[in-house]
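Residue numbering restarts at 1 for every chain, and letters A, B, ... go by the order of the sequence lines. FYI, side chains are in, hydrogens and waters are out, and symmetry mates aren't considered; it's all heavy atoms of this structure.
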There are 2 protein chains.
Amino acid sequence: MARAGVTPERLTLAAADLADEIGFDNVTVSALARGFGVKDASLYSHVKNAQELRTRVAVLALAELADRVAAALAGRAGKDALVAFADAYRDYARQHPGRYAAAQEQLDPETLAASAARRHSEMTRAILRGYRLSEPDQTDAIRLLHSTFHGYVSLEAAGGFRHNPRDADISWSRSLDALDIALRNWPATP
Amino acid sequence: MARAGVTPERLTLAAADLADEIGFDNVTVSALARGFGVKDASLYSHVKNAQELRTRVAVLALAELADRVAAALAGRAGKDALVAFADAYRDYARQHPGRYAAAQEQLDPETLAASAARRHSEMTRAILRGYRLSEPDQTDAIRLLHSTFHGYVSLEAAGGFRHNPRDADISWSRSLDALDIALRNWPATP
DNA sequence: TTCCGTTCCTAGGTGCCCTAGGCTACTACT
DNA sequence: AGTAGTAGCCTAGGGCACCTAGGAACGGAA
């Protein structure tokens, strides 16, 4: 009997792929085991429990997303950077809905610190350099941007825009124009 | 033996309350049955299955949220209306995290049509009357607003703002200021 | 070759979802 | 008031997922 060759890494990758196919919530240890031609109990030699598996997928997704955003951001500034960041973010979420959903998992502080989360916030801050905002406006703007990106992508994935024929790509582009305007005319600190 | 007095309505309400306490994803038919002092199988006389229960909670939440927003919006216009809408939305999500999570459920078209979803989109459109946007800019702006509200609330609930001491209330308020500016300077149609 | 650790197995316990079929308490009709 | 009907609740049981414990086999190292 040949061994199945299961490792935590291959398991995580398989879970991520499966999540993109059938949805992150539908990824089960049993389904993964079936995919590897192995009994479900066998996977617990490689992974502590189902929660750890979810966490691993989340960390993977955060790192992949950070890579994409970094690549998109390279050599750009100002509105160019804003649009590149936003598009990279949205494209990732659309191409990898399961991974993106995983990235929304609540991570415990130490896992979070070891993840790509810091890169994410650094890159978001990098966008704002073109808009000459200083703290605490910068933090407020980051929160606005992150909220809008995440919200748009979530609603789009949930089919929230389907009932109106207006193209979601166009609304996205116009929303980015509007955010650019908001950033360039950032309200004065009261 | 006295009867427990279970009805679909009381079941839905109990599920909503339980969701606010322990999270929407953790609401199970079994837990609800225990709460009513009844065996889990007994609940299937009142509700088709667990999915229908989730749907009922979602519909309830959408209606409650629409009521709150309508009350907040009454007699306001322009930026006042924008802020009132946004605050009502965010307050509901913070006071009723489980119900809010339920409201994000995917609803089948007929349930959606029978829900308060239409009221929501009408009220969002009402906000924009103060900004004199015409179609298709209006649709784009609605999508931007909805995305930002939902995104902000989601990230806040997920604890995404906790690692930075900047008050989430202040960032929220500044973000609304920024959105107001964006709406008043909406980018010209290309 | 023998040892030893890793990988995989079977067995089994828990919780949740749901169906089938039976008993019981309330309602309504005669 | 007595009785028929209908809810509401029950037990029994099957399916699936998560997870633990302990045993067997594979493969590399001494």
Side-chain angles (χ1 to χ4, degrees), chain A residues 1-60 98-99 101-102 104-108 111, chain B residues 1-60 98-99 101-102 104-108 111:
Chain A
M1 266 226 214
R3 301 235 162 154
V6 180
T7 65
E9 289 70 30
R10 293 186 58 190
L11 216 46
T12 306
L13 212 58
D17 290 343
L18 191 58
D20 286 337
E21 277 174 40
I22 65 173
F24 184 60
D25 289 343
N26 299 321
V27 173
T28 70
V29 176
S30 312
L32 276 174
R34 280 192 290 274
F36 278 92
V38 149
K39 300 292 172 186
D40 58 351
S42 304
L43 297 191
Y44 291 91
S45 318
H46 306 281
V47 159
K48 203 163 115 317
N49 52 31
Q51 183 50 52
E52 185 188 290
L53 192 63
R54 281 189 281 270
T55 300
R56 280 175 175 279
V57 176
V59 170
L60 171 71
R99 283 167 157 90
Q104 311 307 319
E105 277 282 284
Q106 286 270 34
L107 298 181
D108 50 304
T111 309
Chain B
M1 272 231 208
R3 302 234 163 153
V6 179
T7 66
E9 288 71 30
R10 293 187 58 191
L11 216 46
T12 305
L13 213 57
D17 291 343
L18 191 58
D20 286 338
E21 278 173 40
I22 65 174
F24 184 61
D25 289 343
N26 299 321
V27 173
T28 69
V29 175
S30 312
L32 276 174
R34 280 191 291 274
F36 278 93
V38 150
K39 299 292 172 185
D40 58 351
S42 304
L43 297 190
Y44 292 91
S45 321
H46 306 282
V47 160
K48 203 163 114 322
N49 52 31
Q51 183 50 51
E52 185 188 289
L53 192 62
R54 282 189 282 272
T55 300
R56 279 174 175 280
V57 177
V59 170
L60 171 71
R99 283 168 158 87
Q104 310 308 319
E105 278 282 285
Q106 286 270 34
L107 299 181
D108 50 305
T111 309

Say you draw a straight line from NZ of A:K48 to CZ of A:R56; how long is it, rounded to the nearest 0.5 Å?
11.0 Å
Let me know the distance between [atom1] of [X] and [atom2] of [N], rounded to the nearest Å.
X	N	atom1	atom2	answer
B:L11	D:dA7	CG	C1'	16 Å
A:K39	D:dC16	NZ	P	13 Å
A:D40	D:dA21	CG	P	16 Å

With [X], which residues qualify under side chain to side chain contact (heavy atoms under 4.5 Å, CB included), at least two apart?
X	value
A:S42	A:V38, A:K39
A:A15	A:V27, A:L32, A:L53, A:V57
B:N26	B:I22

Within residues 23-32 of chain A: residues closer than 4.0 Å to DNA chain C (heavy atoms):
none
5'-most contact on DNA chain D (nearest-nucleotide basis), B:A41 vs B:T7, goes to B:T7
Can you name the salt bridge (Lys or Arg N to Asp or Glu O under 4.0 Å) partners of A:D17, sequence neighbours left out?
A:R99
Would a 4.5 Å heavy-atom cut-off, applied to side chains only, mark B:F24 and B:Q104 as touching?
no
For DNA chain D, which residues in residues 43-56 of chain B have a heavy atom at a distance below 4.0 Å?
B:S45, B:H46
